[in-house]
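Written below as structure tokens is the structure these notes are about.
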Number of protein chains: 2
Amino acid sequence: MWGTPQPERADAARNRQLLLATARELLAEAGSDALTMDRLAERSGLGKGTVFRRFGSRAGIFQAVLDDNERTLQQEILTGPPPLGPGAPPVDRLIAYGSARIRFLAQNHEIARAAIDGRKQGGPRRPPLSEIHIRILLREIELPRADIDLLAGQLTFALEGPLLNQPFQSPGPNSPAPTKRFEAGWRYLVERVCSDAGAPPAPDDA
Amino acid sequence: MWGTPQPERADAARNRQLLLATARELLAEAGSDALTMDRLAERSGLGKGTVFRRFGSRAGIFQAVLDDNERTLQQEILTGPPPLGPGAPPVDRLIAYGSARIRFLAQNHEIARAAIDGRKQGGPRRPPLSEIHIRILLREIELPRADIDLLAGQLTFALEGPLLNQPFQSPGPNSPAPTKRFEAGWRYLVERVCSDAGAPPAPDDA
DNA sequence: CCCCTAAGCGGGGTAAAGTCCGCTTAGGTC
DNA sequence: GACCTAAGCGGACTTTACCCCGCTTAGGGG
């Protein structure tokens, strides 16, 4: 039930690309606030209904742009060299992934913020790729009596929350200082949580 | 510069109370979606401008209601019995606080979600009380080479994020099962992070 | 008791998200 | 190549958050 039931009509795909490109244009020209549905529709020469059909909501557009930007990072994780790619011990991969994710979110900061939306959600929430990857790595680590799924969610929020709630934004592709701090914090947290793979004596369990 | 520069005029205070009460009414009657600014203004017999002046935004209203509901919890933390109140070791207090916060957010789930708003924010973000309390407790724990301020932010998100992104909502004041899971997860995380107050050997530091 | 002024108030105005539904068209079938 | 149908499309419409700015009034000083 998951093999792209209908492969998306050719014109639809073309329009998606067009909208994505136009969205990037508007974004580059005037920032995320200037990216409105009306403007995007007009600029791309399509109807507003089409925009909503493709992306569901305003936040959806930002998510789509973000996902697209993330594509190369995905590749590095799946097939690149360690420690980001396969081959390194899972804890190292987890730390490396967090660092990469932090840097990615720092560039793309404005887009990432806009991709979060308060209003509008209903489904049981499909966890984002970030959480899924963290979950997979956690499973490879022997954590004694942990609720891995929950822990993955907790760590995902710990990783992304502080960064996305800062109003900061780096002007260029070089944002050296603040990113380093988050990377160090992530490393610290992961090392603490995964410190000894051997089970602690479990002092008591009421 | 922080001693309530102007103590708020009497009519303003009265209107704030009125609006808060009316908001609760609407909330109880028809849920958070039905609480619109127009409706709140009309129902309370005030102007729309007044509503915005008092609360700043739609999300502000939910925050105000939430803060008000939290007041009794605040008291227990400041002056109540341990481990929630003062007197217990900080790690125990931290675990107890998380449990209490989880239960609080589970009741109030709908309001808490509505209090988060994507749009609208500009200041350097004043950290919420939850984060401040966690930070204080962390400072009392001897964490070797930790960035306490950042760690407090991370833990706050780890605590609240997973809960607030679930669509669930308990019908009554009794939501036994799911809350327990979050409480256990929080306890696990805190115990891991604060496990041994003695510094680990620090394998290397590039 | 009157004045004065800054805080408070009102509600019409604007802009933007999201919905609806009838029309159009891609692309498979015979 | 004609037909058929489901997916796609458009853009007017509705709803709502939030802004603006002239009017009102609380409440302190003279």
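Chain naming here is simple, since letters A, B, ... match the order of the sequence lines and numbering starts at 1 in each. For clarity, every value in this text was computed on a predicted model and none was experimentally measured.
- Regarding contacts with the backbone of dC9(D), every side-chain N or O of R53(A) stays at 4.0 angstrom or more from both OP1 and OP2.
- Remark: C1' of dC19(D) and CE of M37(B) are 12 Å apart, rounded to the nearest angstrom.
- A sub-4.0 Å separation between OP1 or OP2 of dG8(D) and a side-chain N or O of N15(A) is absent.
- One atom, CG of D38(A), and another, C1' of dA15(C), lie 9 Å apart when rounded to the nearest Å.
- Atom CZ in R16(B) sits roughly 17 Å away from atom C1' in dA26(D) (whole-Å rounding).
- For T36(A), the listed nucleotide lying nearest its side chain is dA17(C); candidates were dA26(C), dC9(C), dA17(C).
- Side-chain N/O atoms of R58(B) and base N/O atoms of dA17(D) include no donor-acceptor pair closer than 3.5 Å.
- Atom CG of L46(A) is separated from atom P of dA7(D) by 20 Å (rounded to the nearest Å).
- Taking atom CD of residue E8(B) and atom C1' of nucleotide dC9(C), one finds them 14 Å apart after rounding to whole Å.
- Within the structure, a side-chain polar atom (N or O) of R54(A) is placed less than 4.0 Å from OP1 or OP2 of dG8(D).
- A salt bridge links D68(A) with R71(A); the closest basic N to acidic carboxylate O contact falls under 4.0 Å.
- Nearest-nucleotide mapping onto DNA chain C: of G49(B) and R9(B), the residue sitting toward the 5' end is R9(B).
- When rounded to the nearest whole Å, the span between NZ of K48(A) and P of dC20(C) equals 14 Å.
- Around atom CD of E140(A), more than 12 heavy atoms belonging to other residues, nucleotides or ligands sit under 6.0 Å away.
- Contact annotation for A10(B): backbone-only contact, meaning every heavy-atom pair under 4.0 Å involves sugar-phosphate atoms and none involves a base.
- Rounded to a whole Å, the CG atom of L18(B) is 11 Å from the P atom of dC9(C).
- Along DNA chain D, the nucleotide nearest D11(B) and the nucleotide nearest R39(B) are compared for position; the residue whose nucleotide lies closer to the 5' end is R39(B).
- Proximity of a side-chain donor or acceptor of R54(B) to a complementary backbone N or O of I61(B) within less than 3.5 Å is not detected.
- Within the 4.0 Å cut-off from OP1 or OP2 of dG8(D), not a single side-chain nitrogen or oxygen of T50(A) is found.
- When each of E183(A), E70(A), H133(A) is tested with R101(A) by the rule side chain to side chain donor-acceptor pair (under 3.5 Å), just one qualifies, namely E70(A).
- Nucleotide dC21(D) holds its P atom 17 Å from the CZ atom of F52(B), rounded to whole Å.
- More than 12 heavy-atom neighbours from other residues, nucleotides or ligands sit within 6.0 angstrom of CD on E25(A).
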